[in-house]
Protein chains: 2
Amino acid sequence: MPRKRNGKSHGAPTIAQVATEAGVSPATVSRVMNGRFVGADEIAERVLQAAARLDYSPSYSARSLALGHTQAVAFVAPDLRNPAFQTILSGLSATAGDDGYRVLIGDSAESVSEEPLLAREVRRRCDALVLCAPRMDQEELSGLAPALQPMVLINRSGGGAVPTLNVDYYSGIRSLLEHLHDLGHRRIAYVSGPAHSASNEHRRAGIRSFRDRHPETGVIEVAGGASSQDGFEAVDSVLRAEVSAVLAFNDLVAIGLIGGLQDQGRSVPEDISVAGFDDIPFARYIAPPLTTASVPHEELGIQAWYRLRALIKGQEPAHDVVFQPRLEVRSSTAAPQSSPR
Amino acid sequence: MPRKRNGKSHGAPTIAQVATEAGVSPATVSRVMNGRFVGADEIAERVLQAAARLDYSPSYSARSLALGHTQAVAFVAPDLRNPAFQTILSGLSATAGDDGYRVLIGDSAESVSEEPLLAREVRRRCDALVLCAPRMDQEELSGLAPALQPMVLINRSGGGAVPTLNVDYYSGIRSLLEHLHDLGHRRIAYVSGPAHSASNEHRRAGIRSFRDRHPETGVIEVAGGASSQDGFEAVDSVLRAEVSAVLAFNDLVAIGLIGGLQDQGRSVPEDISVAGFDDIPFARYIAPPLTTASVPHEELGIQAWYRLRALIKGQEPAHDVVFQPRLEVRSSTAAPQSSPR
DNA sequence: GCCCTGCTAGAAAGCGCTTTCTCAGTCTAG
DNA sequence: CTAGACTGAGAAAGCGCTTTCTAGCAGGGC
């Protein structure tokens, strides 16, 4: 048995102490504290007063054990520094908070290999899970899914039983490409996302479909990643590709790209157009304001909670939804120069 | 007693089941799972195999109750949408994660009145707390502190016993003001933070000290807030003040301000200089790149964890630190026009 | 050859709740 | 006036672990 066995000198007061103080049984205290007490008002009052006097508040651990649930849900994402995930988290946390649930975070810090372990761990600490695991192998994900339920998946297909919230990257990327094409661009670079990213694959599928429709337009893929740093480092490859426009995996990459391009004396959009994806909160404020495909991340977090809540209650969750990104044309894209230098 | 009483059909396997499966006692299972087992290797092996076969993993609730701790810490902040808090959280989460601790978030969504309750709640769910409560009344904070320990406070003084990580807003604001003054500005607006914000008070003290040194320079305070929206809405007051430069409570406010100013046809920094505070990750990328005072938020999160860890272990935490913001001069500030229009 | 020591593994208590079960007391009806 | 139906509150079991305590069994010293 744990530490001290007798003296209850320090530490939080227990239900037993309150019971003693009020001269009732622990059962009664429990009932009063949970509003399940039927009986003499005078007793309830005594319990309340005793509780107040001792500054009692029930142990969450004990409660969780007895009840079999924790009133908390987990959120795992590959990179908490990315505003897109932060915004999902913020929406999730606020909405879950309204229902008295808190969120426990699992930041896999880009380590794909640790992700399954991390997901299992945080899931077992909570009642449910919201999983953003863009790079996890599909087989692994499918294998993991049963052990993780109840959960909702963001931007992955869970193979059937698990509610999923998706962003239509396929259409989003196509809109962006069409926009660039309408502007007159015929050679466009795509700075791709991390290897094995599911959403990167969707974007590539969108690119293929665009190519089929516009065979005259070249879309050159160059290696990228998910961070501004990756965008910055992709600048040379982009320049080498001699394109008039570049589409980045996401806004972060686009921002790094713009910074690097400017460092090299190129101006955006005069010399080269740049578009991102996500519409993170600052995309509109950067120089130049970023053309991007807007994704309602906060709403993703909110809807994720609604589904989780249904699942937790044993109800049928609302149907899956595929969010359509909204093309957000700003000033980082423009018609190509007639005479490229 | 909870739900089912006999059948252990569904639900996670318990230590008792593993014990039965392996033909040993629960005590032995517990010991081998925790590496405290000394004895026949063959037995350990049998337990491990049984555990693997049942896909057993110990219940966190039960473990927490027995052990008296949760291996989790809480983080409460007034607005999770603010990149400054997100960055602190990210640093905290990553560092705590390395030590096997997870973080539970409490987003008070700007509701100052709910904050004490929220802080108590999330604190009681965890082993410790990192509290960012810039607006909480000092009395209330001091009263609350004992109940919240172990905790570390960000940007507040905890009245003695509680480790605190502070940013020197006083000096930061002075540097910014000196920078503006050096540029030649003699009428400067300060778009203040939320009412009752402790860090706003520090900034104001910095302003007073600057005024004493440069009595010829007017610093006009106009009401603001903490969000971009607040900055946007402060534009009219700023314009009415007829200043050549404006210092914002933070970067978010500065960004809103710049947006609003541009909407009204003013250009930054030609017509009016704007400076922020915090150096959020995107400050350097906005148009124009924002002059600001850089605060190492991630480091705040990291150091917060180190102190929490010491506290949890019953050790003496490292001493408090006051981070000095670094003046980051970028293009949103410039010398005033000789002939203001 | 016997007693004591040392070691391994199990029995059981306890962590702080919730809830079922139980029982004494009260009410109402016949 | 008593039997049956409630009612109100306590006893106790159980949630799934950890850890102390205990007992059984070898091994070694005299």
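The chains referred to below are lettered A, B, ... by the order of the sequence lines, with proteins before strands, and numbering in each begins at 1. If you're wondering where the values come from, they're calculated on a predicted model, not measured in any experiment.
Here A:Ser30 reaches the OP1 or OP2 of C:dT18: one of its side-chain N or O atoms lies under 4.0 Å away. Neither OP1 nor OP2 of C:dT18 sits under 4.0 Å from any side-chain N or O of A:Tyr60. In this structure, B:Arg36 does not reach the D:dT18 phosphate: none of its side-chain N or O atoms is under 4.0 Å from OP1 or OP2.
Rounded to whole Å, atom P of C:dG16 lies 11 Å from atom CZ of B:Arg124. Atom CG of B:Leu67 and atom P of C:dA13 are 20 Å apart (whole Å). Atom CG in A:Leu65 sits about 12 Å away from atom P in C:dT19, given to the nearest Å.
Taking the charged nitrogens against the carboxylate oxygens, A:Arg102 and B:Glu121 do have a contact shorter than 4.0 Å, which makes a salt bridge.
With sequence neighbours left out, the side-chain contact (heavy atoms from CB on, under 4.5 Å) criterion links A:Ser199 to A:Tyr169, A:Ser197, A:Arg203, A:Phe249.
Side-chain polar atoms of B:Gln49 and B:Arg53 form no donor-acceptor pair below 3.5 angstrom.
Side-chain proximity of A:Pro58 to C:dC17, D:dC17, D:dT18: nearest is C:dC17.
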Atom pairs, protein N/O to nucleotides 5-9 of chain D N/O, distance under 3.5 Å:
unit_1 : atom_1 : unit_2  : atom_2 : d
D:dA9  : OP2    : A:Val38 : O      : 3.4
D:dA9  : OP2    : A:Ala40 : N      : 3.4

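When each of B:Arg46 and A:Ser59 is assigned the nucleotide of DNA chain C bearing its nearest heavy atom, the one mapping closer to the 5' terminus is B:Arg46.
Put simply, CZ on B:Arg135 and OG on B:Ser108 are 8.0 Å apart, with the number rounded to the nearest 0.5 Å. To the nearest 0.5 Å, the span separating OG1 on B:Thr87 from CZ on A:Arg81 amounts to 9.5 Å.
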